[in-house]
Engineer: 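My questions will all concern the structure given below.
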Amino acid sequence: MTQISGKKARESTRRRDWMILPLLAILTVVCLSLTSEKVSKLIYGEPKSAVGVCLNVSHPDTGISGIPNCKTSEMDFGVPIVEYKFDTCGYRSGIGCESNFPGAYRIVMIGTSIAFGQWVKQQDALAARLPIDISERDGRKIYLYNEGMLEQYPQFVSTHVQTALARKPNIILWPVTPYDISVPPLDPVSIRFLIGGSGKNLGVVERWKTYLKIKVFSGSFSSFEQAISEHLIRSFSHTGTGFMLQNILNKNEGRYVESYLKLPDTESGYLRVSPSLTWKKDMKSFEDMAAVMIAQSRAAGVPLVVTLIPSRAQAAMLSSGTWPEGYDPYKIDNDVRSVITRHGGIYADIFPDLKKIPHMENNFYFSNGHPDANGDAILAQAISKEITNGLVPDLEAFDQAQSVQRVGK
Amino acid sequence: MDSASFSFLFFGLAVAVAINLNRGRVWRSTVMTVASLYFLYALEKNPLAYLPLVGFLALGYLAIQCHRRGWLRVPTVGIVAVLVAYVWLKKYTFFPEAILLHSVYFTLGLSYVFFRVMHLVIESGDGGEMASRIGVFEYLLYTLNFTTFISGPIQRYEEFARDQFAAVPVELDVATVGLQLERLVRGFFKVNVLAMFFDILRQDALLYLTHPASAQQRLESGFTLMAVYPLFLYCNFSGYIDVVIALARLMRLRLPENFDRPFSATSFIDFWSRWHITLSTWFKDYVYNPLMLALVRRVESISLQPYLAVLAFFVTFFLVGLWHGRTSEFLFYGLLQGGGVSVNKLWQVVMAQALGRKRYKALAAHALYRTLARGLTFSWFAFTLLWFWSDWAGIRSIESSLAVGQWMAIWAAIWLASSVLLGVWEWMRSGLLALRVMGEPILTTRYARVVYASALGTAAIFITLLLNSPAPGIVYKVF
């Protein structure tokens with residue numbers, strides 16, 4: 001009797017375990033995930049973004065534009081809250097639509113997030129530093145209209161040249177990033193998906209198809225599994241836990257670079273000595289886009305100056321002066337130079353200056369790869385030095401006496 | 001595939017599932033053979049690269065048969081032939097360059113194959129009962145079995161055959177499967193997270209030590225560099241062993257344990273009975289025991305006999321150390337291992353003579369003595385490992401980065417810190433294991449195991465994915 005009841009009890013325990021143990025496993029995973037998210041957010045802050053309220057996203061022809069006089073802010077892991085204030089013209093320039101500054105040298109800066117000054121206070125951003133630095137070298141009053149736009153899709157930068165020319169600038173400055181080159185022009189449906197707020201303006205099937213096409217299968221993956229795993233990694237790395245782990249594990253510059261180089265080709269392929277077919281195609285698209293932009297600006301008699309801003313990993317490679325075989329941080333710099341000069345544009349090469357900065361990667365945010373305030377200051381110095389050394393006609397570094405004379409004029 | 005990677009794990013689990021589709025002996029052995037051959041193919045696709053290994057296995061089999069049939073007048077000929085072939089293929093530096101093979105060939109796992117072959121050759125000499133049961137198929141399956149091919153553990157043939165060729169396979173119930181899955185997770189976590197983390201610490205420390213840094217940074221780096229490597233090595237090796245033991249068990253094959261909490265050891269002799277157990281057992285069986293027997297036969301004085309053990313220990317562990325590599329660094333490493341164990345034995349002999357056996361036993365059981373001895377054992381092992389992971393140029397560079405006094409301070413700090421930390425660890429462990437529910441420690445209940453396996457598994461998967469680079473390879477696979 002006792003034996004039978006003991007057997008029954010064991011059976012019941014076993015049946016109960018089939019329920020309890022999986023539940024316990026799920027509960028552990030959930031608790032662990034929530035705790036680590038909480039801890040990471042306590043340490044690094046919680047990303048918050050309300051930039052959408054200040055962006056007009058309903059222009060499939062011109063991309064994203066800012067809403068005039070709008071104010072918003074955002075923060076990211078390890079990045080303090082930053083405020084963005086759009087002027088009367090919808091740019092983060094502080095100048096508004098005013099373009100009549102007699103006697104001043106006028107620069108219009110176009111581009112995406114780095115030109116906009118994302119993650120940096122307005123007074124510390126590249127757009128604020130550049131006129132000061134150039135003015136110090138050139139001696140004249142410099143006005144820089146910052147028409148860079150955050151969240152902008154790179155292909156819309158090319159359609160912005162005519163708008164920029166309306167300011168009657170002396171030059172147009174276009175800081176380009178490897179990201180700008182890696183994103184090829186999209187078809188109209190994908191544009192509608194992106195511009196229309198993740199496809200709210202599309203049908204359900206079309207929205208999902210486009211989502212998978214843009215967000216999951218945008219790279220050159222060898223298999224479905226690879227595409228999914230890369231997507232999962234990317235999604236996880238944007239969580240608080242993901243950021244915290246990456247921050248701890250990739251503190252060492254060499255390891256960070258090593259890890260970065262193993263990212264999918266779409267993200268780190270530009271550092272290869274022999275880029276993939278996808279990257280060659282992307283570079284060709286970039287060349288086509290740049291050719292049109294240069295032609296437009298030349299027709300108006302305005303030089304288009306292009307400069308390549310390195311990625312964080314690229315900056316680390318430049319500073320350390322070492323990189324694994326098969327990779328070269330200068331490769332894309334040389335390619336962009338060749339593309340721009342071939343079509344009659346001006347290329348400002350800042351890499352020789354950046355390589356002299358120890359641990360340049362520390363001047364970029366780990367979480368999003370954008371330059372921080374120090375980074376923008378260094379970039380501004382390098383760009384101003386480069387464009388005032390005779391590269392751009394009528395914009396040259398003068399000695400002190402000449403500077404005084406120029407200001408007097 | 002040559003590490004505790006996702007692909008190795010999935011491969012092993014797939015083989016385990018396939019093996020369990022049928023309980024028959026032939027089926028299990030066939031699946032294991034196919035899996036082992038595929039495993040080898042995955043490691044090296046050029047068949048020509050296997051020729052030296054094939055030759056070595058053929059020589060081994062020939063030696064076994066010659067021993068068994070009594071064709072060799074001097075039984076040691078076969079042993080010497082296998083030994084010479086092994087050191088020749090491993091390109092030990094004392095061999096003239098001209099007589100070595102210069103083509104690229106496959107040597108991964110050769111050391112572990114050597115131990116298995118040598119074990120069979122030696123055992124086949126004693127009547128050859130065991131060897132008579134070994135056909136070519138059994139021989140190849142035993143020596144090339146993928147679960148133990150890369151880094152052991154070194155399993156004896158009887159144990160392998162008992163499970164692999166049993167008509168009724170070893171029981172595999174749900175609880176056992178659960179335990180093995182938990183062990184798989186634990187091993188994967190050790191190799192891919194803990195070992196990785198310790199390796200990161202070590203690399204950073206090495207960077208600080210050999211590049212311009214402040215004096216305090218250098219001291220801290222010196223400490224980290226020396227203290228962290230044993231932990232890295234333990235997690236790297238024992239984690240891999242956890243994975244293969246668990247996988248093999250799921251294939252109804254019981255592999256011997258290779259580690260038994262080595263950093264709990266309170267003497268260097270005790271340490272070697274807990275670290276790479278199958279290696280030290282092999283050397284105990286085939287070097288220490290025969291050597292002791294030979295020495296005792298030659299030295300009749302009873303008072304000298306305890307000192308014979310000191311000598312036998314030195315020779316045995318010198319060879320254990322030397323086995324690890326082909327260069328002079330490993331010769332020195334062997335001297336330090338042999339030196340450590342024999343000094344430890346000498347200390348035991350002298351102390352037992354000076355204090356008397358009972359009082360020495362009481363002293364050795366004292367908590368403070370044990371704590372300090374544990375720290376000293378760890379520190380000595382950490383010190384010897386310098387010749388294990390570095391070369392002479394590297395050692396000189398590390399040594400010259402700090403003054404002698406600073407190094408002395410670092411080693412004193414390592415001794416003190418390891419004594420305290422390992423002491424606290426032991427105290428905590430025994431305290432936690434004392435918490436019991438229904439006669440079983442709470443920590444070892446299936447509920448607790450599920451909780452920590454889930455936590456470790458989740459962490460391991462995410463960290464592995466995020467790091468986007470494989471964990472350091474299994475250190476012991478190159479030996």
Side-chain angles (χ1 to χ4, degrees), chain A residues 9-10 13-37 225 228-264 267-268 320 324 358, chain B residues 5-7 10 173-175 177-179 181-182 185 189 192-213 221 224 437-438 440 442 445-472:
Chain A
R10 272 198 301 278
T13 310
R14 198 173 293 166
R15 269 202 302 275
R16 201 185 57 198
D17 278 357
W18 281 109
M19 297 287 290
I20 289 178
L21 295 179
L23 277 176
L24 207 55
I26 294 167
L27 197 68
T28 307
V29 173
V30 170
C31 287
L32 186 73
S33 309
L34 291 177
T35 312
S36 62
E37 274 301 289
E225 289 83 356
I228 298 294
S229 88
E230 293 297 352
H231 181 62
L232 286 176
I233 293 169
R234 224 177 298 156
S235 306
F236 178 63
S237 63
H238 289 129
T239 63
T241 312
F243 173 74
M244 182 167 67
L245 288 173
Q246 279 180 315
N247 205 18
I248 295 167
L249 298 168
N250 287 332
K251 248 191 180 123
N252 176 298
E253 153 219 302
R255 203 166 33 249
Y256 165 70
V257 169
E258 196 183 316
S259 172
Y260 183 86
L261 295 178
K262 282 179 183 150
L263 287 173
E267 291 186 45
S268 65
S320 68
Chain B
S5 58
F6 278 123
S7 53
F10 291 137
D173 57 13
V174 180
V177 171
L179 283 172
L181 292 179
E182 181 255 318
V185 171
F189 184 81
N192 294 286
V193 178
L194 286 182
M196 180 71 130
F197 175 69
F198 288 131
D199 191 51
I200 287 171
L201 282 180
R202 190 179 72 92
Q203 281 182 27
D204 289 351
L206 192 60
L207 203 71
Y208 273 125
L209 206 60
T210 50
H211 286 78
S221 302
T224 310
V437 59
M438 293 170 72
E440 190 185 1
I442 291 176
T445 59
R446 53 192 177 282
Y447 304 108
R449 285 176 189 274
V450 164
V451 168
Y452 71 73
S454 309
L456 295 186
T458 310
I461 288 170
F462 285 128
I463 291 174
T464 309
L465 287 176
L466 265 187
L467 271 172
N468 202 25
S469 58

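Each chain gets a letter, A, B and so on, in the order the sequences are listed, and its residues count up from 1.
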Engineer: Nearest 0.5 Å please: distance from the CZ atom of B/F462 over to the CG atom of A/L32.
Structural biologist: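 The CZ atom of B/F462 sits 9.0 Å away from the CG atom of A/L32.
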Engineer: Under a 4.5 Å heavy-atom cut-off, does chain A meet the side chain of B/R449, its backbone, both or neither?
Structural biologist: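 B/R449 has no heavy atom closer than 4.5 Å to chain A.
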Engineer: Counting heavy-atom pairs closer than 4.5 Å to chain B, which one of A/L245, A/L24, A/D17 comes out on top?
Structural biologist: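 Most heavy-atom pairs within the cutoff with chain B belong to A/D17.
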Engineer: Is the OH atom of A/Y256 crowded by more than 12 outside heavy atoms at less than 6.0 Å?
Structural biologist: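 Count over threshold, so yes.
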Engineer: When only pairs under 4.5 Å are counted, which of B/T458, B/I200, B/V174 shares the most heavy-atom pairs with chain A?
Structural biologist: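 Top option by heavy-atom pairs under 4.5 Å: B/I200.
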Engineer: Heavy-atom count around B/F197 CZ within 6.0 Å, excluding the residue itself: above 12?
Structural biologist: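 Open: at most 12 neighbouring heavy atoms sit under 6.0 Å from CZ of B/F197.
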Engineer: Roughly how far, to the nearest 0.5 Å, is the OH atom of B/Y447 from the CD1 atom of A/I20?
Structural biologist: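 Between A/I20 CD1 and B/Y447 OH, I get 5.0 Å after rounding to 0.5 Å.
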